[in-house]
Student: 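My questions all concern the structure below.
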Amino acid sequence: MEALLRRELGYGAVRATGHSGGGCISQGQSYDTDRGRVFVKVNSQAEARRMFEGEMASLTAILNTGTVKVPQPIKVLDAPGGGSVLVMEHVDMQPLSSHAAKLGSQLADLHLDNKKLGEMVVKEAGTVGRGSGHAERPFVDHFGFDVVTCCGYLPQVNDWQKDWVMFFTQQRIQPQMDMVEKGSGDRQALELWSALQLKIPELFRGLEIVPALLHGDLWGGNVAENSSGPVIFDPASFYGHSEYELAIAGMFGGFSSAFYSAYHSKVPKAPGFERRLQLYQLFHYLNHWNHFGSGYRGSSLNIMRNLIK
């Protein structure tokens with residue numbers, strides 16, 4: 001790995017440190033170089049390049065908003081023994097605690113960033129001699145992302161769509177249900193999904209949704225802090241409904257009331273929030289079912305039954 005980093009990134013000196021880490025998908029190791037410390041994620045699977053390129057694009061998009069700290073991505077490389085590596089800035093991190101409220105506030109800023117760009121475009125359009133072409137970053141008026149991103153190791157379809165409900169049902173839930181059907185042919189799940197599809201539009205009636213840049217996989221294991229504030233990492237970004245972000249955050253713990261209070265002080269709950277949150281959690285339960293097995297079947301079916309009532 002040291003030789004790869006020297007050759008591909010032009011580092012003069014590379015030495016592995018004692019810092020390592022990883023999850024159920026990829027492994028990581030930090031290296032000291034003559035240009036600072038870097039963190040290298042490694043995955044030996046053939047699909048790793050697609051996964052890491054999606055992560056790099058996600059980190060870059062969040063970084064460009066200037067709202068919340070993420071590790072700065074450097075490059076995706078082919079791994080020596082097959083698979084790929086993602087090289088990024090090393091960030092010292094510890095579990096989120098004292099900066100929970102700050103994370104809530106900064107996450108709200110991330111979600112509001114694109115809306116503010118849109119407001120700026122409208123304002124500039126009414127100013128003589130200026131127009132939207134002057135914006136450093138363009139306003140995004142569709143839902144999706146420029147590249148495939150992976151939530152876990154499963155790819156997400158991010159084709160741009162104008163309508164959020166269509167995007168969510170067709171490009172989030174339906175691919176998960178297709179995998180359930182292929183994996184187990186679970187008739188009960190398929191029947192519940194057929195019934196739920198008819199109910200989904202009601203959950204969004206009267207709601208205006210401006211595309212928000214999302215982390216996409218914001219559970220407690222993907223947040224941390226350092227001396228300067230909160231850090232988020234391992235994103236699976238796309239432009240979607242801001243409420244979607246809070247679904248997995250509420251499933252596995254790790255987020256305090258201070259986090260939620262700070263977030264909702266900037267992004268208040270809209271009517272019907274709780275039922276939509278269940279709908280968004282359905283995606284994550286199905287995704288876990290398809291990753292880890294039928295232990296998540298019961299939760300998936302219960303949500304569909306509750307929403308059909």
Side-chain angles (χ1 to χ4, degrees), residues 8 25-26 41 43 45-78 83-89 106-107 109-122 131-176 178 209-218 222 232-245 247-248 280 283-284 287:
E8 295 293 329
I25 309 294
S26 303
K41 289 179 72 171
N43 188 291
Q45 299 301 310
E47 304 83 13
R49 175 168 278 274
R50 176 180 63 188
M51 180 174 67
F52 284 154
E53 285 178 345
E55 183 175 344
M56 180 162 178
S58 300
L59 290 168
T60 300
I62 296 171
L63 190 68
N64 286 342
T65 67
T67 54
V68 57
K69 170 72 177 176
V70 293
Q72 182 166 354
I74 297 171
K75 198 169 185 180
V76 177
L77 304 170
D78 292 328
S84 296
V85 303
L86 171 58
V87 186
M88 68 183 83
E89 168 195 13
Q106 291 182 347
L107 184 69
D109 291 340
L110 172 66
H111 291 169
L112 293 169
D113 178 72
N114 187 56
K115 182 181 179 183
K116 289 178 178 175
L117 287 175
E119 291 167 352
M120 198 180 304
V121 168
V122 171
S132 60
H134 291 263
E136 288 183 18
R137 292 179 293 124
F139 169 66
V140 176
D141 63 353
H142 282 58
F143 301 96
F145 205 53
D146 284 331
V147 301
V148 170
T149 51
C150 296
C151 193
Y153 59 76
L154 295 174
Q156 300 185 122
V157 182
N158 286 327
D159 296 343
W160 294 101
Q161 286 210 40
K162 188 74 174 173
D163 182 83
W164 166 247
V165 175
M166 294 286 284
F167 176 92
F168 178 73
T169 54
Q170 294 178 359
Q171 298 182 202
R172 286 298 176 267
I173 302 292
Q174 190 61 58
Q176 295 289 335
D178 291 344
I209 301 172
V210 177
L213 180 62
L214 307 178
H215 174 283
D217 190 17
L218 198 79
N222 288 344
I232 61 176
F233 49 93
D234 288 354
S237 292
F238 65 98
Y239 283 85
H241 185 194
S242 58
E243 291 178 358
Y244 177 96
E245 192 88 281
I248 196 169
Y280 294 147
F283 166 80
H284 292 288
N287 192 43

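Starting from 1, each residue takes its place in the sequence as its number.
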Student: Do S58 and F238 have side-chain heavy atoms sitting under 4.5 Å apart?
Tutor: no

Student: Between atom CD1 of I209 and atom CZ of F168, what is the distance when rounded to the nearest 0.5 Å?
Tutor: 10.5 Å

Student: Check the pair E8 / V87 against side-chain contact (heavy atoms from CB on, under 4.5 Å), numbers first and verdict last.
Tutor: CA-CA 11 Å; E8 295 293 329; V87 186; over 6 Å; no

Student: Show your working on side-chain contact (heavy atoms from CB on, under 4.5 Å) between V148 and V157 and close with a plain yes or no.
Tutor: CA-CA 6 Å; V148 170; V157 182; over 6 Å; no

Student: Nearest 0.5 Å, what's the CE-CE distance between M88 and M56?
Tutor: 9.5 Å

Student: Got I62 and S237 here, is their nearest side-chain heavy-atom distance under 4.5 Å?
Tutor: yes

Student: Taking only residues two or more places apart in sequence, or in another chain, which ones meet S242 in a side-chain hydrogen bond (donor to acceptor under 3.5 Å, both in side chains)?
Tutor: none

Student: Hey, mind stepping through F145 and L213 against side-chain contact (heavy atoms from CB on, under 4.5 Å) and telling me if it holds?
Tutor: CA-CA 9 Å; F145 205 53; L213 180 62; 4.2 Å; yes

Student: Treating D78 as the side-chain partner and S84 as the backbone partner, does any N or O pair qualify as donor plus acceptor under 3.5 Å?
Tutor: no

Student: For C151 and G216, which heavy atoms make the closest approach, and how far apart are they?
Tutor: SG-O, 4.2 Å

Student: Would you give the length of the straight line joining atom CE of M51 to atom CG of N43, rounded to the nearest 0.5 angstrom?
Tutor: 4.0 Å

Student: For the residue pair R50 and Y153, would you count it as a cation-pi contact if the rule is NZ or CZ under 6.0 angstrom from the ring centre and within 45 degrees of the ring axis?
Tutor: no

Student: Once rounded to the nearest 0.5 Å, what's the spacing between atom CD1 of I173 and atom OH of Y280?
Tutor: 10.0 Å

Student: Do Q161 and Q171 have side-chain N/O donor and acceptor atoms under 3.5 Å apart?
Tutor: yes

Student: List in chain and number order the residues that pass side-chain hydrogen bond (donor to acceptor under 3.5 Å, both in side chains) with Y239, two or more places apart in sequence or in another chain; answer none if no residue qualifies.
Tutor: none

Student: Please examine the side chains of P71 and L59, heavy atoms only from C-beta on, and report whether any two atoms are closer than 4.5 Å.
Tutor: yes

Student: Do you know which two heavy atoms are closest between Q176 and R172, and how far apart they sit?
Tutor: CG-O, 3.3 Å

Student: Scan side-chain atoms only and decide if E245 and H215 contain a donor-acceptor pair under the 3.5 Å cut-off.
Tutor: no

Student: Rounded to the nearest 0.5 Å, how far apart are NZ of K115 and CZ of F139?
Tutor: 10.0 Å

Student: side-chain contact (heavy atoms from CB on, under 4.5 Å), that's the test. Do L63 and Q72 meet it? Break it down for me.
Tutor: CA-CA 7 Å; L63 190 68; Q72 182 166 354; 3.8 Å; yes

Student: Taking only Lys NZ, Arg NE, NH1 and NH2, and the carboxylate oxygens of Asp or Glu, determine whether K69 and E89 approach each other closer than 4.0 Å.
Tutor: yes

Student: Are a donor atom and an acceptor atom from the side chains of T149 and Q156 found within less than 3.5 Å of each other?
Tutor: yes

Student: Closer than 3.5 angstrom, by distance alone: can the side chain of D234 be matched with the main-chain N or O of D217 as a donor-acceptor pair?
Tutor: no

Student: Please examine the side chains of F52 and L77, heavy atoms only from C-beta on, and report whether any two atoms are closer than 4.5 Å.
Tutor: no

Student: Does a donor on one side chain and an acceptor on the other come within less than 3.5 Å for D113 and T65?
Tutor: no

Student: Which heavy-atom pair separates K41 from S26 by the least distance, and what is that distance?
Tutor: CE-CB, 4.2 Å

Student: A side-chain contact here means heavy atoms from C-beta on lying under 4.5 Å apart; do N64 and R137 qualify?
Tutor: yes

Student: Do Y244 and L214 come close enough that some side-chain heavy atom pair is under 4.5 Å?
Tutor: yes

Student: Keeping N222 on the side-chain end and L218 on the backbone end, is there a donor-acceptor pair under 3.5 Å?
Tutor: no

Student: Please give me the minimum heavy-atom distance between V147 and E53, naming the atom from each residue.
Tutor: CG2-O, 4.5 Å

Student: Taking the side chain from D109 and the backbone from T67, do they hold a donor-acceptor pair closer than 3.5 Å?
Tutor: no

Student: Classify the ring geometry of F143 against W164: parallel below 30°, tilted from 30° to 60°, perpendicular beyond 60°.
Tutor: tilted

Student: Is any side-chain heavy atom of R49 closer than 4.5 Å to one of V85?
Tutor: no

Student: Kindly compute the distance separating OG1 (T60) from CD (E55), expressed to the nearest 0.5 Å.
Tutor: 10.0 Å

